[in-house]
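Worksheet: the structure to be examined is printed underneath.
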Amino acid sequence: MDLLDPLLLARWQFGLTTLYHYLFVPLTLGLALVVAIFQTVWHRTANVAWLHLTRLFGKIFLINFAMGVVTGIVQEFQFGMNWSAYSRFVGDVFGAPLAFEGLMAFFFEATFIGLWIFGWNKLPRALHLFSIWMVVFGSTLSGYFILAANAFMQNPVGYEMAADGSRAEMVDFWAVLTNPVVLAAFPHTIFSAWMFAAAVVIAVSAWHLARGQHLETMRRSLRFGMWFMIISFVGVAISGDQLGLVMVDTQPMKMAAAEALWENACGADASFSLFSIGTPDGSEEIWSLRVPYLLSFLSTHTFDGCVEGLNDLQALYTEQFGAGIDYMPVVWVTYWSFRWMMGLGGIATLISIAGLWVTRKKATRPVAGWMWKVAIWSAPLPLLGSLVGWVFTEMGRQPWIVFGLMLTEDGVSPNVPGWTVLISLIAFTLIYAALAVVEFGLILKAAQKGPDPLPEPGAEDDQPTSIEDTPTTVY
């Protein structure tokens, strides 16, 4: 292995910056909705506890949003730095949804964030509430445009090749926006983001409840977070099932790798592998633990459907795209990332179900200390599930950077030496590590401070809080 190989280093750098940026994306998408819901409840009930929750999680949302903006800008620079051949080839198509995201969705989101931050004692309460809901809309729309760009890499549509074959040219923008992959991936991504936001709400609430702080306020947010987690997981499961069907139609090799399925299989033979061991060269299976019929049902929604295997698809792609290329992704990466994605989300949901039971009003025993610790330390589980889900999505597409059109090795910048990529990789790693410490420290400080104190004993918690009594910003 050449450690100064520009392709290898460019892939590592893009993977680093992408996964690091995605640390902040789901929390932005999810907490925007959480804050909007909390503020809506305060607006409807005038219960000051919900205002305190709005401001507490609003602080965390804004800290996270700022970091997401910084890392997102660097992310888009990658295309010109290390992937100029890719940018020239698909820039006419890939750049359009990204332009819409930046010029329309992000500016829309940022404008209403400004109104929400500085409008506490200047805007009517209804208009101020409207601004945070527009932040939710803008951030969600931003996610859709980005996923539409990524979906083109998974399933290129709405384009024609230039007469000289040098690049793809857009002919149908609507087809790009309604790509079957983005229609399935969008709800799956949004629901998974909500799961992480729910986990953060649960962890912050559990931390204070374990210390006997802000009991009434944090119990509200704890129960909300657990229900939000369960509802979001149901959405993840349903949308994931639909995304799997689309994956079978558009990228059957990815589905075969996700199941370590080496040969075509139908009915009972198309089983879901809980664990699998293959030969070192990845050509065949040695042993596996499988559930009969399950893969057939997941892939075709029938118990007698057929699923194509890795070896058969390799032969098909060799005939279709040319010999001399291994069209299989790294099977162990896709296989295990697929399972970790599902497992981590499922564990987080089971914790929420158990939490609802032990914190119910009719519970006869107090919540044990170790239970609070489980709730706190389970916060990263949905995020880790999302991260390995993206590893599965992108690694499962290999060796293609645009499926069926361009190989990853052909997309790297041709005139960038490996040592320059290595320098920027090291620099990004060090800077991102420092930013991670700052980000985590600020969020931890805001979370541990908790909500503002409730009224003194004997005061009515359900009295309305006037605009004049609220601060200029959430800080």
(request) Name all residues meeting the ring-ring contact (aromatic ring centres under 6.0 Å, His included) criterion together with F100; count only those two or more places apart in sequence or in a different chain, and write none if there are none. (result)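 Applying ring-ring contact (aromatic ring centres under 6.0 Å, His included) to F100 gives F145, F173.
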Pairing residues for [X] by the side-chain hydrogen bond (donor to acceptor under 3.5 Å, both in side chains) criterion, not counting sequence neighbours:
| X | answer |
| --- | --- |
| T420 | none |
| D410 | none |
| D304 | T302 |
| T140 | none |

(request) Could you label the plane-to-plane angle of the W400 and Y327 rings as parallel, tilted or perpendicular, counting under 30° as parallel and over 60° as perpendicular? (result) parallel
(message) Looking at every non-hydrogen atom in both residues, tell me the closest pair between S337 and V388 and how far apart they are.
(response) CB-O, 3.5 Å
Spatial distance of atom [atom1] ([X]) from atom [atom2] ([Y]) [nearest 0.5 Å]:
| X | Y | atom1 | atom2 | value |
| --- | --- | --- | --- | --- |
| T189 | Y144 | OG1 | OH | 11.5 Å |
| I113 | M134 | CD1 | CE | 13.0 Å |
| N150 | N179 | CG | CG | 10.0 Å |
| D249 | L245 | CG | CG | 7.5 Å |
| I351 | I230 | CD1 | CD1 | 11.5 Å |
| M195 | L344 | CE | CG | 9.5 Å |

Check: [X]/[Y] side-chain N/O donor and acceptor closer than 3.5 Å:
| X | Y | result |
| --- | --- | --- |
| T408 | Q398 | yes |
| W133 | T40 | yes |
| S139 | T28 | no |
| E394 | Q154 | yes |

(message) Between E259 and K254, does any side-chain N to carboxylate O distance fall below 4.0 Å?
(response) no
(message) One pair to check against ring-ring contact (aromatic ring centres under 6.0 Å, His included): F38 and F224. What are the steps and the verdict?
(response) CA-CA 10 Å; F38 285 169; F224 169 86; 5.0 Å; yes
(message) What verdict does the side chain to side chain contact (heavy atoms under 4.5 Å, CB included) test give for F403 and N155, after you've listed the backbone C-alpha separation in whole Å, the side-chain angles of each residue and the deciding distance to 0.1 Å?
(response) CA-CA 6 Å; F403 186 77; N155 178 43; over 6 Å; no
(request) Could you go through the side chain to side chain contact (heavy atoms under 4.5 Å, CB included) check for K59 and I443 one step at a time? (result) CA-CA 8 Å; K59 291 178 184 180; I443 289 181; over 6 Å; no
(request) Give every residue pair that meets the salt bridge (Lys or Arg N to Asp or Glu O under 4.0 Å) criterion with at least one member in residues 163-173, sequence neighbours excluded. (result) R167-E169
Should we count [atom1] of [X] as having more than 12 external heavy atoms under 6.0 Å?
| X | atom1 | value |
| --- | --- | --- |
| E319 | CD | no |
| E160 | CD | no |
| W390 | CH2 | yes |

(message) Can you see whether F57 has R55 sitting over its ring - NZ or CZ less than 6.0 Å from the centre and within 45° of the normal?
(response)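 Pair R55/F57 does not count as cation-pi.
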(message) Applying ring-ring contact (aromatic ring centres under 6.0 Å, His included) to F137 and F108, what does each step give before you reach the verdict?
(response) CA-CA 9 Å; F137 175 76; F108 182 91; 5.7 Å; yes
(message) Is the distance from the ring center of F94 to that of F152 below 6.0 Å?
(response)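 No, the ring of F94 stays outside the 6.0 Å limit from the ring of F152, centre to centre.
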